[in-house]
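Notes follow the structure.
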Amino acid sequence: MQKRVLLADISLLLVAIIWGGTYIVVKNVLLSMNLFQLLALRFGSALFLMYLFFYKKIGKLTKKDFFSGSIVGITLFLGFSTLNFALQFTTASKQGFLVASYVVIVPILYWILYKKRPECQ
């Protein structure tokens, strides 16, 4: 059990380092590349990788799957567009802090909206 807890903690640390590092990388890339070129590269790469791993399942998609995926994709694109656009006008550390503040804000909003205190685990 102790080994699993240590592995989980190391995994969270690694994810935080990678996630935080992407703000610095994107900030530097935006100095030499247009915002929408960067997004096309990121989303295009993701499309290519997803196709490589899931090409057998793509033929089995229904219209509902395609519609739902399109809604999620458009929402994700709008989120990335907004974040990357804003990154051009502030520092990577400030934006990382503001974006990560959802960790604190979401439970508070949940408590306000549902009148139910979030459970800690």
Atom of Pro118, atom of Tyr110 and distance for their closest heavy-atom approach: CG-CD2, 3.9 Å

For Phe36 against Ser81, the heavy-atom pair lying closest together: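 For Phe36 versus Ser81, the nearest heavy atoms are CE2-OG, 4.2 Å.
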
Listed by chain and number, what are the side chain to side chain donor-acceptor pair (under 3.5 Å) partners of [X], not counting sequence neighbours?
X	answer
Thr91	Ser93
Asp65	Thr62
Ser68	none

Working to the nearest 0.5 angstrom, can you tell me the gap between [X] [atom1] and [Y] [atom2]?
X	Y	atom1	atom2	result
Leu14	Trp19	CG	CH2	14.0 Å
Thr75	Phe80	OG1	CZ	12.5 Å
Leu41	Asn34	CG	CG	12.0 Å
Leu76	Ile71	CG	CD1	13.0 Å
Leu113	Ile108	CG	CD1	12.0 Å

Are [X] and [Y] linked, directly or through other ILVMFWY residues, by side chains that come within less than 4.5 angstrom of each other?
X	Y	result
Leu30	Phe89	yes
Leu35	Phe77	yes
Phe85	Leu39	yes
Val106	Val103	yes
Leu78	Val99	no

Could you go through Asn28 and Leu31, starting from their C-alpha distance and side-chain angles, then the distance that decides it, and tell me whether this counts as side chain to side chain contact (heavy atoms under 4.5 Å, CB included)? CA-CA 5 Å; Asn28 289 330; Leu31 295 174; 4.2 Å; yes

Under the criterion side chain to side chain contact (heavy atoms under 4.5 Å, CB included), I'd like the reasoning laid out for Val26 against Gln95: C-alpha separation, chi angles, the key distance, then a yes or no. CA-CA 12 Å; Val26 170; Gln95 187 185 30; over 6 Å; no

Looking at side-chain heavy atoms only, is the closest gap between Asn84 and Arg42 below 4.5 Å?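 A side-chain contact under 4.5 Å exists here.
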
Do side-chain atoms of Thr90 reach the backbone of Leu87 as a donor and acceptor pair under 3.5 angstrom?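 It does not hold such a pair.
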
Would one find more than 12 heavy atoms of other residues, nucleotides or ligands at under 6.0 Å from atom CE of Met50? no

